[in-house]
Participant: 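The structure under discussion is supplied below as structure tokens; questions concerning it will follow.
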Amino acid sequence: MFNVLSREIASLTVNHIVRFMILQMDLLNVVQVYINPFFPSLVLLFSLLIWLKPTKKKNLNLPPSPPKLPIIGNIHQLGMLPHRSLRDLSRNYGSLLHLQLGYNPTVLVSSPELVKEIVKNHDIIFSNKPRTTAVDILLYNCGDMIFAPYGEFWRQVKKISVLQLFSHQRVNSFQFVREEEVELIINKIRGACLKGESINLSEMLMMVASNIASRCILSHKSEEEDGCTKFGQLGKRLTVLFTGFCIGDMFPYLRWVDVLTGYVPSLKALSAEFDAFLDQVIEHRALEVDGQVSNKKDFVSIIMQLQKDGMYKMDLTRDNIKAILLGMFVAGSDTTTATIEWMMAELLKHPNVMKRVQQEVRTVVGNKSKVVIEDINKMEYLKCIVKETLRLHPAAPLLGHRRTSASVKLGGYDIPSDTTILINGWAIHRDPKWWENPEGFIPERFEDSSNTDFQGQDFHFIPFGFGRRACPGMQFGVVTTEYVVANLLYWFDWKLPAGEIPENLDMAELYGLICHKKTPLLQVYINPFFLSLVLLFSLLIWLKPAKKKNLNLPPSPPKLPIIGNIHQLGMLPHRSLRDLSRNYGSLLLLQLGYNPTVLVSSPELVKEIVKNHDIIFSNRPRTTAADMLFYNCGDMVFAPYGEFWRQVKKISVLQLFSHRQVNSFQFVREEEVELLINKIRGAYLKGESINLSEMLMSVSSNIASRCILSHKSEEEDGCSKFGQLGKRLLVLFTGFCIGDMFPYLRWALSAEFDAFLDHVIEGNRALEVDGQVSNKKDFVSIIMQLQKDGMYEMDLTRDNIKAILLDMFVAGSDTTTATIEWMMAELLKHPNVMKRVQQEVRTVVGNRSKVVTEDINKMDYLKCVVKETLRLHPAAPLLAPRRTSASVKLGGYDIPSNTTIIINGWAIHRDPKWWENPEGFIPERFEDSSNTDFQGQDFHFIPFGFGRRACPGMPFGVVTTEYVVANLLYWFDWKLPAGEIPEYLDMTELYGVTCHKKIPLRVIPLQVYINPFFLSLVLLFSLLIWLKPAKNKNLNLPPSPPKLPIIGNIHQLGVLPHRSLRDLSRNYGSLLLLQLGYNPTVLVSSPELVKEIVKNHDIIFSNRPRTTAVDMLFYNCGDMVFAPYGEFWRQVKKISVLELFSHRQVNSFQFVREEEVELLINKIRGAYLKGESINLSEMLVSVSSNIASRCILSHKSEEEDGCSKFGLLGKRLLVLFAGFCIGDMFPYLRWVDVLTGYIPSMKALSAEFDAFLDHVIEEHRALEVDGQVSNKKDFVSIIMQLQKDGMYGMDLTRDNIKAILLDMFVAGSDSTTATIEWTMAELLKHPNVMKRVQQEVRTVVGNRSKVVTEDINKMDYLKCVVKENLRLHPAAPLLAPRRTSASIKLGGYDIPSNTTIIINGWAIHRDPKWWENPEGFIPERFEDSSNIDFQGQDFHFIPFGFGRRACPGMPFGVVTTEYVVANLLYWFDWKLPAGEIPEYLDMTELNGVTCHKKIPLRVIPLLKN
């Protein structure tokens, strides 16, 4: 009975340990792995010894204790939120409890009375801190202030903190930091407010608090864009690790477990990073001379100055300084964030409190433009709210743990020495004996008890601790909290997102080092303060006596006081104003704030303006954005009408946008459009849809930017800044500026263009000095040359030049993008129009390989489509506003001087009096009225404006639009993604400076267009070939399936050729003659025929056919895989077998496999801890590629530096290799592959590989010079050493070396990936096999902490699984093709010389004559026939080929596969995501160079107990 009970207790105990470890580590993202059964046995053994040890202190009167479990004690009672769980224990067992947390005796204190007793009687005894693994490692053996043991060192550091770092004077000295950081967050929120977006306030608060703390500590933000961002990143990781569960802290005899779980290594790694970073900071400070230190009073400089001066009679080591700085950052950022976050959450949950505190804040600040520190001191109710927030949500619910330094009495109980003390401040703050309605958020309670403060003297309110160990940084945190919240409440009103009710706001906690809100605080806000000012000022204006009573003004819609008709503009003003015009007339007077505005919506009125009043209507209203961004309107678009404007307009028309100049930029258009076409072609080859809107933005911006300043807008160097700034300019220009509507409410905007454009101009001046300016005819050089020559008798200042350049970019990029975007959308919506215009484009271009300018001029229907697009979707629906320079009559009404004029071009273009079916997309209307153009003389069609102020850049925009669209239509057919119907394509608009589609245009390029002329040539040549008298009439050729003229049997290959060819073999025999285009091809599908080839004709069948891809990528077949059979190939094969893939060499790379697999296991472990499924296919690609790449050239394929290029190039090589090359099937049509882009893509990839591999070889040569080559035995160094030694009597050229390296990577990575992927898929599909092989793996590995090579050799069933997988899923289902070097007999049939031979290994592996149940996954078949192997001697099992041309890299691939799979099975159990049934796992194949699973393998890793 006792034995049974003991076993039950032991089982329960271990179960609790493991469960709790999993629970805590899952919560805290601590690393977890498969725990070998040997480890729990050790845990049980050690723990039982401890637990059964005779207990001391039997006569002590210890506090009461809840029931506990053996070994783990009360750990299981901590729960997910320990402060709440411990409060519940205190309610049941008393406010002073004795807990056993693992090996640690712990006392829990949960009442103010006990806290008071500690402070009054035993403060020194309770002033020590317990030491933990994290504190020791991260804080330099407790060399800081927070965790240092109580003593002289701690007292001195505390004195430094109180008197120097956190003194009242010092905290106030950092006010400028708080102001600057808070101003940034206010501006961010204001930006979101203008866009009507909600924000993640929690995230913003984290950033502002971290930046304030970081700047005060070391004068750098925690989130800057330079290296100093590292402080913030490291801080976040420190917070996570500090919160982690450390087994060694609970069970000191199990510290070794923390090494195995990765917790201690993670701490050490982080500590090393912090150490290096802080050393750098301190070194930087040490370089400052004495006279400079005082100018940089951050914590670092203060502490170092104190160290230098020796003021406190203590020797602060560098480690002490670093430990103190870390303590400050953790305590000064995360706690403040949590407090502000909870405070805003409580205010949103209690709108009445929000209203009262907001009223106080705004009353105190008054009409000042910012909150100042003096204001905060007057906000009594705000201070009450801060206190109430800290009462309900203390940042650290369980105050920093303490440890007794001597035995003591507390509450009448004995507390032994070295007992850990937990103070549950959270429970004390909610004690109903001290607080009325303790769970309620009632700031008023602190008005009635205003003397209650944070100092730790009120023992029922201790958010910052108490006694000697109270937090000295309290004042810093409170000041920051009050200042941030005051600003948030002053500048904005706040509400929750739609559908959220304040009283139901989720207040769930997330436990950690600091207790945050579990759900981030998402908020939406309005800014009513300004509306109050608007109301005040505007009422004065509105009540002012109205002038011009006797004028006959245009009719006006009803308006509201103050704002007038602003509310009627809507989200799409051009549509809203069109509706107003329909109701009130085509000439309307609107009051937009303070601005009288006339709306013109008819062609007749436009005509009257042009004919009678063009000069009067040629001014522009001045806006804040135009003044600030365009140098006080010193440009052309916004300049007031006058002599300056006329001269600039003349420059634009005659110089910048003349017909000659526009044509001179054709090379720019051609280059950028070619890049666009290549990008789309790449997507097409991958079968991907594209975001055409995004691509059009890029090409339009790049064309405009290159024409303006000879730089792309999206280059990777500094000049990319032009594009970035341009995007921001467009956003700001679209913004609503209150100052434009209400001039008495302006506030400042800032511009960053100035410095950039100065840099551009100086760059051009430098070129001018070198005499190069004439060779660079961009807009900058043209304008500067005109300025120098003084041709136009005007003095263009530098500001004028910069303003004009900005004009050109805004007008020349965004408008063009919008026009092309709408045009493609309309064509997709109207397939009949698409078909007609595409037919015209392709007919005109004919047989040329590119679209040229002369072609465009012949595309009349394309021009009609452009016009119809501009009619329905003018880039600027409301033309750039004008302002009258004098009073005038228009349409019979009086228009006063200085009236803003809005021309609704969009409405005019849809006027049913001028346009039949105005809402329809009918390009044909412009065929019947071909004289209607963009020039502004047809007043019902004015997409580029009219009169003097018409857009001079029209030719530039139209030419670009036509050229881009013509290319898109010529090269590709287009369709919408699956499920989208053309007629229902969403055409919703997004209003801005220009009017774009709201939903970006996502489309699928269907195919590279082949011109009908080409197909005619194909037919002509092919018929000549096909009708040519056939030779070999008397030969007894193998049977052949029926074939089509010209293409032969190509159409029978199907999507998965190995399956289609197997079906043909079943019907026509295992030896078939196929005609694949021009190539006679023999298909072999039986082991008997393979055996005959090997035994009788191996040499004749040892050649390879040459293909375009092989010639171009593998240096004219200068490698091993594709080299023709001969002396060169024999020598390279010998090198591969004896040097590269020998047993010794393969084993020498074991360290690479171990390191890469360890990284893979850690990644999977991380996903397990988060409860996430993983894309195992993707991970396997990474690990296989990295292993191959490191063995080949000692670099990963996915490193973060330049060497990652190998992996990227490898992926592109596999895509191109799998592509269809017309020239290989029809040699007389090789030129078609040039037109389709296949050959240019090959050449580009070949050039990139060439340059990369040259760099690798040179790098190895440099190592050789240094005598280091012997230490780096990768394939490159081995081959280069052989080349140097001349061992095999052959001269390997550099091209040969590069070709061989490419072989190794393609063969050594993708095939291995596919094999492991299929192995895991089959195991998941067959759980019984998974169970058996997993049991074998774990039995063999036993109690070791890793799988070693010797283990693999003992895993017989694993080897059977690998073989069975290679049988069902050979990586290359059709073995690498061969070509006969002479005529031969095979299977009784004649096989002519130069015939391509395809061996269908996949079909042979499923031949029912050789395999029982060939479609089943039955590894046991290889137990009964263990002699069957991969060597190619068993002709029914040839996954690595056979004969002379068998794959020499087989040992490398098999060893890698077995090692990776063994580790995956050892460390984890596996299951499919919810809802997926193993037997129905999708095993569809995806054909390529190797055959992968079509649907990536997504699985869930499980911890194996």
Side-chain angles (χ1 to χ4, degrees), residues 161-186 205 208-209 212-213 215-216 297 331-332 335-344 346-347 353-395 441-458 461-464 470-494 529 532:
S161 300
V162 173
L163 300 181
Q164 300 291 339
L165 303 180
F166 297 117
S167 67
H168 182 72
Q169 177 197 4
R170 181 71 60 204
V171 169
N172 285 347
S173 74
F174 289 124
Q175 181 60 19
F176 77 97
V177 174
R178 285 185 284 271
E179 289 178 357
E180 289 172 6
E181 292 301 322
V182 169
E183 184 179 2
L184 288 175
I185 192 176
I186 294 300
L205 293 175
V208 75
I212 290 172
R215 285 183 64 186
C216 295
K297 283 295 183 185
T335 54
T336 306
T337 302
T339 302
I340 303 172
E341 181 183 37
W342 282 117
M343 190 166 168
M344 291 301 295
E346 289 288 4
L347 290 174
V353 179
M354 170 84 86
K355 184 177 178 181
R356 181 179 167 189
V357 69
Q358 212 158 25
Q359 188 175 358
E360 176 188 68
V361 169
R362 291 172 179 171
T363 302
V364 170
V365 178
N367 60 355
K368 290 194 289 291
S369 61
K370 72 173 183 175
V371 183
V372 294
I373 199 71
E374 291 73 18
D375 294 331
I376 305 292
N377 297 330
K378 302 172 188 174
M379 298 176 188
E380 303 293 346
Y381 191 60
L382 175 67
K383 293 180 182 295
C384 294
I385 289 173
V386 173
K387 289 180 181 178
E388 181 68 348
T389 300
L390 287 168
R391 184 188 70 82
L392 281 176
H393 308 285
F441 182 72
I442 309 167
E444 288 75 11
R445 71 174 85 240
F446 286 97
E447 290 181 313
D448 303 328
S449 54
S450 57
N451 291 332
T452 303
D453 61 20
F454 322 103
Q455 306 298 328
Q457 300 304 314
D458 297 287
F461 184 50
I462 48 174
F464 294 97
C471 174
M474 171 185 64
Q475 187 179 0
F476 184 92
V478 171
V479 167
T480 301
T481 299
E482 291 174 342
Y483 187 74
V484 172
V485 173
N487 273 274
L488 293 176
L489 298 176
Y490 176 68
W491 289 108
F492 303 100
D493 278 350
W494 300 85
F529 171 67
S532 306

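A quick note: this is a predicted structure, and the numbers were derived from the prediction, not measured. Counting from 1, the numbers follow the sequence of the chain as shown.
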Participant: Would one find more than 12 heavy atoms of other residues, nucleotides or ligands at under 6.0 Å from atom CD of Gln359?
Facilitator: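 Check fails, neighbour count at 12 or below.
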Participant: Is Arg215 salt-bridged to Glu180, cutoff N-O under 4.0 Å?
Facilitator: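 Yes, this pair counts.
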Participant: Taking Gln164's backbone N and O only, do any of them form a donor-acceptor pair with Arg170's side chain (distance below 3.5 Å, no angle check)?
Facilitator: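 Yes: the side chain of Arg170 pairs with the backbone of Gln164.
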Participant: Could you measure the distance from the CD1 atom of Ile186 to the OH atom of Tyr490? Nearest 0.5 Å is fine.
Facilitator: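 That separation rounds to 11.0 Å.
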Participant: How far does CH2 of Trp494 sit from CE of Met354, to the nearest 0.5 angstrom?
Facilitator: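 Separation between the atoms: 8.0 Å.
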Participant: Between the side chain of Asp375 and the main-chain N/O of Val372, is any donor-acceptor distance below 3.5 Å?
Facilitator: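 Checked: pair present.
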Participant: Side chains of Gln175 and Tyr483: closer than 4.5 Å at any heavy-atom pair?
Facilitator: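 They are in contact (side-chain heavy atoms under 4.5 Å apart), so the answer is yes.
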Participant: Please report the interatomic distance CG(Asn487) to NZ(Lys370), rounded to the nearest 0.5 Å.
Facilitator: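 Reported to 0.5 Å precision, the distance equals 9.5 Å.
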Participant: Measure from NZ or CZ of Arg356 to the centre of the six-membered ring of Tyr381, then state whether that distance is under 6.0 Å and the direction lies within 45° of the axis.
Facilitator: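 Judged by the rule, Arg356 and Tyr381 form a cation-pi pair.
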Participant: Within the structure provided, determine whether Arg178 and Val171 are in side-chain contact (heavy-atom separation under 4.5 Å).
Facilitator: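 A side-chain contact exists here, since the closest heavy-atom pair is under 4.5 Å.
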Participant: For the residue pair Glu341 and His393, confirm or rule out a side-chain donor-acceptor distance under 3.5 Å.
Facilitator: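 The criterion, which ignores hydrogens and geometry beyond distance, is not satisfied for His393 and Glu341.
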Participant: Looking only at heavy atoms, which two atoms of Pro472 and Phe166 are closest? And how far apart?
Facilitator: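 Heavy atoms only, the tightest pair is O-CB, 3.4 Å.
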Participant: At what distance, to the nearest 0.5 angstrom, does CG of Asn377 lie from CD of Glu482?
Facilitator: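 It is 8.0 Å, given to the nearest 0.5 Å.
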Participant: Looking only at atom types and distance, does a side-chain atom of Glu388 sit under 3.5 Å from a main-chain N or O of Ile442, one as donor and one as acceptor?
Facilitator: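 It does hold such a pair.
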Participant: Measuring centre to centre across the rings, with the benzene-like ring taken for any Trp, is Phe461 within less than 6.0 Å of Phe446?
Facilitator: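 Yes, the ring centres sit under 6.0 Å apart.
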Participant: Does the side chain of Phe441 reach to within under 4.5 Å of the side chain of Thr389, using non-hydrogen atoms?
Facilitator: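 When only atoms from C-beta onward are counted, Thr389 and Phe441 do touch, with a gap below 4.5 Å.
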Participant: Can you see which heavy atom on Thr336 is nearest to which on Gly477, and at what distance?
Facilitator: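 Nearest heavy atoms, Thr336 then Gly477: OG1-CA, 4.1 Å.
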Participant: Compare all side-chain heavy atoms of Leu488 with those of Leu205 and state whether any distance is below 4.5 angstrom.
Facilitator: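 Touching, per the 4.5 Å side-chain cut-off.
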Participant: In Å and rounded to the nearest 0.5 Å, what is the OG1 to CG distance from Thr339 to Leu390?
Facilitator: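 So the OG1 of Thr339 and the CG of Leu390 are separated by 5.0 Å.
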Participant: Do Pro443 and Val353 have side chains that approach each other closer than 4.5 Å (heavy atoms only, starting at C-beta)?
Facilitator: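 Side-chain contact under 4.5 Å: yes.
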Participant: Between Leu347 and Ile385, is any pair of side-chain heavy atoms under 4.5 Å apart?
Facilitator: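 The answer is yes, as the side chains (C-beta and beyond) meet within the 4.5 Å cut-off.
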Participant: Working note: Val371 + Val182, criterion side chain to side chain contact (heavy atoms under 4.5 Å, CB included); need CA distance, chi angles, decisive distance, verdict.
Facilitator: CA-CA 10 Å; Val371 183; Val182 169; over 6 Å; no
Participant: So, taking the atom named CE in Met343 and the one named CG in Leu392, what distance separates them when rounded to the nearest 0.5 Å?
Facilitator: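 Interatomic distance, Met343 CE to Leu392 CG, rounded to 0.5 Å: 12.5 Å.
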Participant: Start with the C-alpha distance between Glu181 and Val484, add both sets of side-chain angles, then the distance that settles side chain to side chain contact (heavy atoms under 4.5 Å, CB included), and finish with yes or no.
Facilitator: CA-CA 9 Å; Glu181 292 301 322; Val484 172; over 6 Å; no
Participant: Short question: side chain of Glu360, backbone of Leu382 - any donor-acceptor pair under 3.5 Å?
Facilitator: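 Present.
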Participant: Measure the shortest side-chain to side-chain distance between Ile212 and Phe476 over non-hydrogen atoms and say whether it is less than 4.5 angstrom.
Facilitator: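 Sidechains of Phe476 and Ile212: in contact.
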Participant: Apply the test salt bridge (Lys or Arg N to Asp or Glu O under 4.0 Å) to residues Arg362 and Asp493: give CA-CA distance (whole Å), side-chain angles for both, the deciding distance (0.1 Å), then the verdict.
Facilitator: CA-CA 11 Å; Arg362 291 172 179 171; Asp493 278 350; 3.0 Å; yes
Participant: Might you point out which heavy atoms bring Gln475 and Ser167 nearest each other, and give the distance in Å?
Facilitator: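 Heavy atoms of Gln475 and Ser167 come nearest at OE1-C, 4.3 Å.
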